[in-house]
Every structure is written in C-alpha cells, then in structure tokens.
Amino acid sequence: MPQTDLYAVFGSPIKHSKSPFIHRQFAQQTQQNIDYHAQLVDAENFDTAVENFFQQGGKGLNCTVPLKELAWQRADQLSARAEMSKAVNTLVLQRDGSLLGDNTDGIGLVTDLTQNHAIPLAGKKLLILGAGGATRGILLPLQSKNVLDITIANRTVNKALNLADEFKSNGKITGCGFDDLQNQQFDLILNATSASLSNQLPPLPENILKPGAVCYDLAYANEDTPFVQWGKQHQASKSLDGLGMLVEQAAAAFFIWRGIQPETFHVISALHHVT
Ligand code: NDP
C-alpha cells in the first residue's frame with residue numbers, strides 16, 4: 001500500500017479555505033497519494049502547530065492570514081522571492097529535516113494574468129493599491145516581467161514609500177497616497193488592499209484607466225467585489241477577481257512539493273461553480 005503524504009493549510013480564520021478542495025483536485029488529476037486538510041492555527045500556536053505537524057509526518061504546509069510573516073521567520077532557508085517578500089505561504093520539508101520557505105503568491109498572480117487572461121505586462125504602467133503582505137509578495141515577480149514602472153498607493157502613505165524604497169533596485173517604482181493619483185493613468189490596476197473584504201473601495205480618480213486598461217482584485221468573492229464592479233463601471237477591458245491567482249499559487253506550491261505541474265483551468269471553473 002503506497003504511503004499517503006500529509007499536507008495542510010494553517011490560518012485563522014480557515015473554515016472557508018478553498019485550498020483543500022484545490023489540492024484534492026490536483027492530487028486526483030495527477031494521481032498523487034496525498035492528504036491535505038485545513039487547520040485552524042492562530043499566531044500564538046503557530047510554532048507548536050508547525051513542530052507537531054512535521055513530527056507527525058507532514059511533508060509541506062501552506063500558511064495564510066495571519067501567519068505568513070511568522071512562517072517567514074520560522075523557515076530555516078528561504079527562496080529569493082520569499083526572502084524579499086518577508087512572507088512565506090509555502091513550507092517544504094527538506095531531506096535533512098529543515099524547512100524551506102517559499103512564496104508562490106506572486107507567481108500565482110503573474111500566471112493568472114499572463115497565461116489565463118493573456119494580459120501582457122512588459123512595458124506597462126502598473127498601479128498597486130495597498131502596501132501590506134500581499135503587495136510585498138507580488139512586487140518581485142511583477143518587476144521580473146519588465147513592466148515600465150510600478151506605483152504603490154496606500155492609505156498609510158509611509159508604508160508605500162518604504163516598500164518602494166525597498167524594491168527600487170529591481171525596477172522603477174514609486175510610493176504615494178491615494179490623493180497623489182490625480183492626473184495619472186495606468187494600464188493595470190491591482191487592488192491588493194483588504195478593503196473588498198469589508199465591502200469597501202479605495203478612493204480612485206475617475207480618469208485613472210488608460211484605454212484598454214485592466215482591473216484585477218486580489219480578493220475574490222461569490223459576487224463581484226466593489227473593485228471589480230468599479231472596473232466594469234469604468235470600462236476596463238477586463239475586470240477580474242483573484243480566484244485564478246488563488247488556484248495558480250496553489251499549483252505552484254503543488255509543483256514545489258510533488259514535482260508535477262497540475263492543470264488549473266478545470267479547477268478554476270469548478271470553483272466558479274461551487275462558490
Ligand atoms: P494586509 O492586512 O497585509 O494589508 C492590507 C492593506 O489594505 C494595507 O495596505 C491597508 O492599508 C489596506 N486597506 C485595508 N482596508 C482599507 C480600506 N478600507 N481602504 C484602503 N486601504 C485599505 O493584507 P494582505 O496584503 O495580506 O491582503 C490584501 C488582500 O489580498 C486581501 O484581500 C487578501 O484576501 C488578498 N490576497 C489574495 C490572494 C489570492 O491568492 N488571491 C493571496 C494573498 C492575498 P494601511 O496600510 O493603511 O492599513
């Protein structure tokens with residue numbers, strides 16, 4: 001009887017996580033013998049839960065809100081993209097028993113944009129709303145696609161300025177507040193604030209979209225998020241939510257763990273139908 005390898009996602013809240021569904025679909029499709037479950041773990045219990053999980057034979061972990069920074073601290077080694085993002089969403093047990101930390105959020109976003117939606121990034125002017133953990137995770141993968149420049153706008157302006165400063169050696173990048181966006185136009189606006197989670201919308205000037213511009217909300221919901229609605233109302237050529245990014249970041253984690261790239265199209269479609 002082949003051994004079942006154990007994987008999980010830790011977070012709080014975690015009840016509504018779609019990750020078990022996604023990874024079970026990947027496992028079925030690629031005939032991998034794995035068990036993947038969601039476990040409620042808060043920041044205070046994180047280190048103990050990680051030790052227990054790997055002592056009990058765990059092979060890999062996903063970490064979500066509010067644990068990504070703690071996972072970054074816990075990892076024994078870090079991939080380059082995780083190192084810069086200061087956040088880890090994927091832990092991998094190494095042969096020597098150490099834990100490698102990676103961050104697949106950015107590559108998940110880039111894959112969803114460029115492969116699933118055929119949105120080119122090279123030479124484009126990007127605006128990222130928000131300067132939290134998600135923005136940290138996506139900056140380097142976006143910069144590596146030869147974008148023209150990136151503007152980060154945040155409610156707390158200092159956080160945007162600091163982040164821009166930290167990533168300026170990888171490409172042209174500026175930080176600002178929402179008020180500084182007047183008279184500017186962008187090809188792609190990424191909403192990486194958590195405003196959608198409370199049904200809110202960051203303040204945006206009316207004429208901020210270039211002709212043909214795309215809006216993309218990292219958040220996802222059963223209905224259009226306020227930002228996806230805003231994009232549609234303002235004639236964005238596409239106005240998308242982050243469900244595809246969720247599935248693609250999971251596919252990248254699955255590849256790291258199992259060495260097999262799962263097919264994502266049908267999993268994204270299935271999620272659109274079950275949500
Ligand atoms: P953080 O808590 O780290 O950061 C939240 C950011 O949102 C901060 O910049 C904060 O600004 C800003 N913000 C919060 N509320 C508002 C508001 N009402 N108006 C304007 N700005 C606001 O969150 P994360 O970076 O971890 O996550 C951000 C979003 O990305 C979430 O919606 C999350 O679900 C999504 N996400 C999606 C993924 C996917 O796979 N699709 C993966 C990772 C994240 P300030 O600094 O001023 O507080």
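Ligands are counted one by one from 1 in listed order, and the atoms in each one are counted from 1 as well.
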>> Taking a cutoff of less than 4.0 Å between a non-hydrogen atom of the residue and any ligand atom, is Ser196 in contact with ligand 1?
In response: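 Not so, Ser196 does not reach ligand 1.
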> Would you say Ala192 touches ligand 1, if touching means a heavy atom closer than 4.0 Å?
Replying inline: yes
Which residue owns the protein heavy atom closest to [atom], what's the atom, and how far is it?
atom: atom 4 (O) of ligand 1; value: Gly132 CA, 3.5 Å
atom: atom 46 (O) of ligand 1; value: Lys159 NZ, 2.7 Å
atom: atom 5 (C) of ligand 1; value: Ser194 OG, 3.4 Å
atom: atom 11 (O) of ligand 1; value: Asn154 OD1, 3.3 Å

>> Any side-chain to backbone donor/acceptor pair from Gln184 onto Phe186? Under 3.5 Å, distance only.
In response: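 No; zero donor-acceptor contacts below 3.5 Å.
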>> Between Glu83 and Leu78 (side chain of the first, backbone of the second, donor and acceptor by atom type, cut-off under 3.5 Å), is there such a pair?
In response: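 Pair absent, no side-chain N/O of Glu83 close to backbone of Leu78.
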> Lys86 and Glu166: salt bridge (Lys or Arg N to Asp or Glu O under 4.0 Å), yes or no, with the steps?
Replying inline: CA-CA 11 Å; Lys86 298 199 169 126; Glu166 224 177 295; 3.5 Å; yes
Pick from [options]: the one approaching [atom] most closely through a non-hydrogen atom:
atom: atom 35 (C) of ligand 1; options: Asn191, Leu243, Leu218; value: Leu218
atom: atom 34 (O) of ligand 1; options: Asn103, Leu197, Thr193, Ile138; value: Leu197
atom: atom 15 (N) of ligand 1; options: Glu69, Gln200, Arg155, Lys68; value: Arg155

>> Check for me whether the distance between the ring centres of Phe53 and Phe10 falls short of 6.0 Å.
In response: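 Yes, ring centres under 6.0 Å apart.
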> Do NZ/NE/NH1/NH2 and the carboxylate oxygens of Lys125 and Asp187 come within less than 4.0 Å?
Replying inline: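 Looking at Lys125 and Asp187, the cut-off is not met.
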>> Please tell me whether Leu113 and Tyr220 are part of a single hydrophobic cluster in this structure, the criterion being side-chain heavy atoms less than 4.5 Å apart.
In response: no
> Hey, mind stepping through Val50 and Leu99 against side chain to side chain contact (heavy atoms under 4.5 Å, CB included) and telling me if it holds?
Replying inline: CA-CA 10 Å; Val50 169; Leu99 293 179; 3.9 Å; yes
> Under the 4.0 Å line, does any protein heavy atom show up next to atom 24 (P) of ligand 1?
Replying inline: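 Given the 4.0 Å cut-off, atom 24 (P) of ligand 1 counts as touching protein heavy atoms.
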